[in-house]
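This chain uses plain numbering: 1 for the first residue, then up along the sequence.
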Amino acid sequence: MEIFVDNEPYCPREPAPVTIDQLIAQIKPELSDNDRMIVTIACDHKEIPEHEIDEVLSREIAAYRRLDFTTATVPELATGAMQTAMSILSATRAKQTETIELLSKDRNEEAIGVLSECITGWVQTHDTVIKTVGLVGLNIDDLTHDGKNVVAILNEVAHHLTQLKECLAAGDYVLLNDLLQYEIVPWFDQWEGMVGAIADEVRATVTS
């Protein structure tokens, strides 16, 4: 069994941990001294996706030949997350237009396929913003963009996502097209601008 933290060999202390969760509990205090946290886990060179983490943590260390833990500082993690969120959100612009065009031609199945990619990106961006704000300790109640409170904008994002899911569940493609054209697309600049404003606040917080 080999254990590496940021590609450096790691030797567990006594009492020797049995599970991966116990190993991480031993590593964490050493990382916190340097303001670092574990961001990825790889078992036998295979990075574990987020949805499998809980299951993997309960496994015994001896089940693997090699464990790799990658760490990052809180500033690195926060700024990187916001940059990724902004890229994902920006990439959905063209997909919005494509979805509307497909719906207008009654190519509904194709439209839903494209829209699902948008929704995945929007949900991921929304979750990233919430988690990052909490990670760096920003007081979100005090943040504004374009004269509007960020909390109100985030709530509107959540409302739009709920409306989209309701339209899809009902198979109401006319209402779905109207929602995209007359609510989401015109409002998207504000949504994207809000994420950019929060990203600026995150950068200012972690570099101060």
Side-chain angles (χ1 to χ4, degrees), residues 1-95 98-99 109-110 112-138 157-158 161 164-165 168 195 198-199 202-203 205-207:
M1 159 55 63
E2 295 180 301
I3 301 171
F4 292 85
V5 177
D6 292 331
N7 292 318
E8 293 292 331
Y10 180 85
C11 183
R13 303 184 309 275
E14 295 294 336
V18 176
T19 65
I20 294 176
D21 197 20
Q22 291 172 351
L23 174 60
I24 290 175
Q26 190 178 103
I27 296 172
K28 276 185 175 180
E30 301 173 27
L31 297 177
S32 62
D33 291 341
N34 297 312
D35 193 29
R36 303 188 73 84
M37 57 193 302
I38 293 172
V39 292
T40 64
I41 302 172
C43 301
D44 291 338
H45 303 288
K46 179 183 178 183
E47 185 172 324
I48 306 303
E50 186 173 351
H51 67 275
E52 295 180 12
I53 288 293
D54 288 342
E55 178 188 348
V56 169
L57 292 179
S58 64
R59 294 177 186 168
E60 294 189 0
I61 297 171
Y64 301 99
R65 294 182 179 179
R66 174 170 173 148
L67 295 173
D68 283 270
F69 300 95
T70 303
T71 75
T73 64
V74 170
E76 290 170 347
L77 184 60
T79 54
M82 290 305 299
Q83 287 170 357
T84 299
M86 291 177 66
S87 297
I88 292 172
L89 195 60
S90 178
T92 66
R93 277 190 176 274
K95 296 185 185 300
E98 184 180 357
T99 300
E109 289 189 11
E110 293 176 66
I112 298 311
V114 176
L115 179 59
S116 66
E117 296 178 35
C118 282
I119 293 175
T120 298
W122 294 337
V123 170
Q124 185 176 346
T125 300
H126 185 266
D127 290 347
T128 296
V129 168
I130 298 297
K131 290 177 182 178
T132 305
V133 165
L135 179 66
V136 301
L138 281 178
V157 171
L161 291 172
L164 283 172
K165 291 174 182 178
L168 290 171
V195 175
I198 293 178
V202 168
R203 280 192 291 269
T205 299
V206 299
T207 57

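In plain terms, the two heavy atoms of Leu23 and Pro17 that are nearest each other are N-CB, 3.6 Å. Across every non-hydrogen atom of Cys43 and Ile20, the tightest pair is SG-CD1, 4.3 Å. Heavy atoms only, all atoms of each residue included: Arg66 and Asp68 are closest at NE-OD2, 2.6 Å. Nearest heavy atom pair, residue Met37 against residue Leu77, reads SD-CD2, 3.5 Å. Of all heavy-atom pairs between Val39 and Ala72, the closest is CG1-CB, 4.0 Å. When all heavy atoms are compared, the tightest approach of Thr79 to Val202 is N-CG1, 4.3 Å.
Using a cut-off of 4.0 Å between Lys/Arg side-chain N and Asp/Glu carboxylate O, Glu30 and Arg13 are scored as salt-bridged.
Taking CG of Leu164 as the start and OG1 of Thr99 as the end, the distance is 9.5 Å to the nearest 0.5 Å. The OG1 atom of Thr92 lies 6.0 Å from the CH2 atom of Trp122; values are rounded to the nearest 0.5 Å. The CE atom of Met1 sits 10.5 Å away from the CD atom of Glu60 when rounded to the nearest 0.5 Å. Distance check, rounded to the nearest 0.5 Å: CD1 of Ile119 to NZ of Lys165 gives 7.5 Å. Put simply, CG on Leu135 and CE on Met82 are 11.5 Å apart, with the number rounded to the nearest 0.5 Å. To the nearest 0.5 Å, atom CD of residue Gln22 and atom OG of residue Ser58 are 11.0 Å apart.
Put simply, the side chain of Leu168 reaches to within 4.5 Å of the side chain of Leu115, judged on heavy atoms. You'll find the side chain of Thr128 stays beyond 4.5 Å of the side chain of Val195, heavy atoms only. Counting heavy atoms from C-beta on, the side chains of Asp6 and Thr70 come closer than 4.5 Å.
Listed for the Asp44 side chain is a donor-acceptor partner under 3.5 Å among the backbone atoms of Arg65. No donor-acceptor distance shorter than 3.5 angstrom exists from the side chain of Ser90 to the backbone of Met86, with no hydrogens or angles considered.
Just one residue in the list Ile61, Val56, Val5, Ile24 forms a side chain to side chain contact (heavy atoms under 4.5 Å, CB included) with Leu67, and that residue is Ile61. When each of Asn7, Ile41, Leu31 is paired with Phe69, the side chain to side chain contact (heavy atoms under 4.5 Å, CB included) condition holds for Ile41 and for no other.
The salt bridge (charged side-chain N to carboxylate O under 4.0 Å, His left out) analysis of residues 112-129, with sequence neighbours excluded, yields the pairs Lys95-Glu117.
Remark: Glu109 engages no residue in a side chain to side chain donor-acceptor pair (under 3.5 Å) (not counting sequence neighbours).
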- Step-by-step side chain to side chain contact (heavy atoms under 4.5 Å, CB included) determination, Glu76 to Arg36: CA-CA 9 Å; Glu76 290 170 347; Arg36 303 188 73 84; 3.9 Å; yes

